Novice: 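Attaching a single structure in structure tokens format; questions to follow.
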2 protein chains.
Amino acid sequence: MDQLRETLKGHQLRTTTCREDVLSTFINKKNALSHGDLEGALGENYDRVTIYRTLKTFLEKGIIHKVLDDEGLRYALCSHNCSEEKHHHDHIHFKCSACGETNCLENLHIPAVQLPEGYHPENFNLLIQGVCPKCN
Amino acid sequence: MDQLRETLKGHQLRTTTCREDVLSTFINKKNALSHGDLEGALGENYDRVTIYRTLKTFLEKGIIHKVLDDEGLRYALCSHNCSEEKHHHDHIHFKCSACGETNCLENLHIPAVQLPEGYHPENFNLLIQGVCPKCN
DNA sequence: AGCTCACTTGCAACAGGGTTGCAGAATATT
DNA sequence: AATATTCTGCAACCCTGTTGCAAGTGAGCT
């Protein structure tokens, strides 16, 4: 419990029950979550709008990051210490077409890509879709 | 003009003015387009719903493919001969944070990734964000 | 050209995602 | 405990995307 407060404080955020609950939901379920998932889990306690704003705040402060998907955005915890100034992510996301879960493969890094002259990359996002070990 | 009809016919689709216009829009603007882009370009001539259904049909028939994005889905022409049965894409998409355009880098392929035991990948999607040569 | 059938379109209506403004409530600080 | 600041809930709104149904259109046939 105190760990949640610490995390929020460390990102210059007031500790509120909504933020604690959203953060602990991300920690408990390990996969990437959509706004709808959170609304399903916490919607009886908090307003839709509050959950949206919490996600937006967490994004800006570097607590979570966006996970691309072909059917709607999701969010996942930043494993390393991202901050308001800088997100650094080059890990891979895997979406299982059977169970629908999307997970970060933290240990794998996106291989380097040789871009043509003139391109200045800042951010990489690799989504792999297929079947995960659980559903295999 | 006839080329459009050929393309549609080749995918077992009736030639209608809406489909011709959507297809030629994709051919003229070379970058990835969202539904909103198409609605902006053709919305006075066709209903929103018709454009949605045209996109869905084109997707199924393998004329266009989805392009992931952190702020809404886009679509781009399939360069190779994709069919209803099989899409094959492993090229890279580059989104410019300055001009907002997303383009396919047809010549570049997504490097191989060694996944842990048990993962069966089927589909790869790499989005690189940064600054493109035009905006450099 | 005209007929027919199957496919396509437009309209209305809906569900969901996401945002904004504002008043009231909760938090951190003194 | 009082204050300034920030957060929350509510209402309202816009955009995205889908479905059902009736009317319209395309393609093949005679």
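Quick note on labels: first sequence line is chain A, next is B, and so on, each numbered from 1. A quick note: this is a predicted structure, and the numbers were derived from the prediction, not measured.
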Novice: When all nucleic acid strands are considered with a 4.0 Å heavy-atom cut-off, which category describes A/Thr57: base, sugar-phosphate, or nothing?
Specialist: nothing
Novice: How many whole angstroms separate atom CD of A/Glu44 from atom P of D/dG9?
Specialist: 14 Å
Novice: With the side chain counted from C-beta on, respond yes when B/Ser97 and B/Gln129 share a heavy-atom pair under 4.5 Å apart, and no when they do not.
Specialist: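 No; the side chains remain at least 4.5 Å from each other.
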Novice: Nearest whole Å is fine: how far is C/dG16 P from A/Glu71 CD?
Specialist: 15 Å
Novice: Tell me which nucleotide among D/dG26, D/dG9, D/dT18 gets nearest to the side chain of B/Arg48.
Specialist: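 The answer is D/dT18.
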Novice: When we call it a touch if two heavy atoms are under 4.0 Å apart, what does A/Lys56 touch: a base, just sugar-phosphate, or nothing?
Specialist: sugar-phosphate
Novice: Quick one: which of A/Thr102, A/Asp69, A/Asn31 gives a side chain to side chain donor-acceptor pair (under 3.5 Å) with A/Lys95?
Specialist: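 Among A/Thr102, A/Asp69, A/Asn31, the one that satisfies the side chain to side chain donor-acceptor pair (under 3.5 Å) with A/Lys95 is A/Asp69.
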Novice: With nearest nucleotide decided by heavy atoms, which residue, B/Thr17 or B/Glu39, maps closer to the 5′ end of DNA chain D?
Specialist: B/Glu39
Novice: A/His11 NE2 to C/dA28 P: how many Å, rounded?
Specialist: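 One finds 16 Å between P of C/dA28 and NE2 of A/His11, rounded.
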Novice: Can you figure out which of D/dA27, C/dG18, C/dT27 approaches the side chain of A/Thr16 most closely?
Specialist: C/dT27
Novice: Considering only side-chain heavy atoms of B/Tyr52, which listed nucleotide, D/dC7, D/dT18, D/dT25, is closest?
Specialist: D/dT18
Novice: B/Lys66 has an atom NZ; how far is it from atom P of D/dT16, in whole Å?
Specialist: 16 Å
Novice: Could you check how far CG of A/Asp47 sits from P of C/dG24, rounded to whole Å?
Specialist: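 Rounded to the whole Å, the gap is 17 Å.
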Novice: Is the backbone of A/Lys61 close enough, under 3.5 Å, to the side chain of A/His11 for a donor and an acceptor to pair up by distance?
Specialist: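 Yes; at least one donor-acceptor contact below 3.5 Å.
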Novice: Would you indicate which nucleotide in C/dT20, C/dG10, C/dT8 comes nearest to any side-chain atom of B/Leu13?
Specialist: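 Minimum distance to the B/Leu13 side chain belongs to C/dT8.
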Novice: Between C1' on D/dT18 and CG on B/Leu55, what's the gap in Å once rounded to a whole number?
Specialist: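 Between C1' of D/dT18 and CG of B/Leu55: 14 Å.
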Novice: Counting any heavy atom closer than 4.0 Å, what does A/Arg53 reach on the DNA or RNA strands: base, sugar-phosphate only, or nothing?
Specialist: base
Novice: Taking B/His93 for the side chain and B/Val67 for the main chain, is one N or O donor matched with an acceptor at less than 3.5 Å?
Specialist: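 No, B/His93 side chain to B/Val67 backbone: no donor-acceptor pair under 3.5 Å.
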Novice: How about B/Glu44: does its CD atom have over 12 heavy atoms from other parts shown lying under 6.0 Å from it?
Specialist: no
Novice: Provide, to the nearest angstrom, the distance between the CG atom belonging to B/Asp37 and the P atom belonging to D/dG17.
Specialist: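 After rounding, the gap between these two atoms is 11 Å.
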Novice: Below 3.5 Å, does any donor atom in the side chain of B/Arg19 face an acceptor in the base of C/dT8, or the other way round?
Specialist: no
Novice: Nearest to the side chain of B/Arg5 - D/dA27, C/dG17, D/dT16?
Specialist: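 Among the listed nucleotides, the one closest to the side chain of B/Arg5 is D/dA27.
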Novice: Kindly point out which of C/dT9, C/dA26, D/dG9 is positioned nearest to the side chain of B/Cys18?
Specialist: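 The nucleotide sitting nearest to the side chain is C/dT9.
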Novice: Could you tell me whether the phosphate oxygens of D/dA27, OP1 or OP2, come under 4.0 Å of any side-chain nitrogen or oxygen in B/Thr15?
Specialist: yes
Novice: Using heavy atoms to find the nearest nucleotide of DNA chain C for B/Ile51 and B/Arg14 separately, return the residue whose nucleotide is more 5′.
Specialist: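 The 5'-side residue here is B/Arg14.
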Novice: Roughly how many Å is it from OH in A/Tyr46 to P in C/dA25, rounded to a whole number?
Specialist: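 Going from OH in A/Tyr46 over to P in C/dA25 covers 18 Å.
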Novice: Given side chains that start at C-beta, do those of B/Leu55 and B/Leu59 come closer than 4.5 Å, heavy atoms only?
Specialist: no
Novice: Closest to the B/Val49 side chain: D/dT5, D/dT18, D/dA27?
Specialist: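 Of the options given, the side chain of B/Val49 lies nearest D/dT18.
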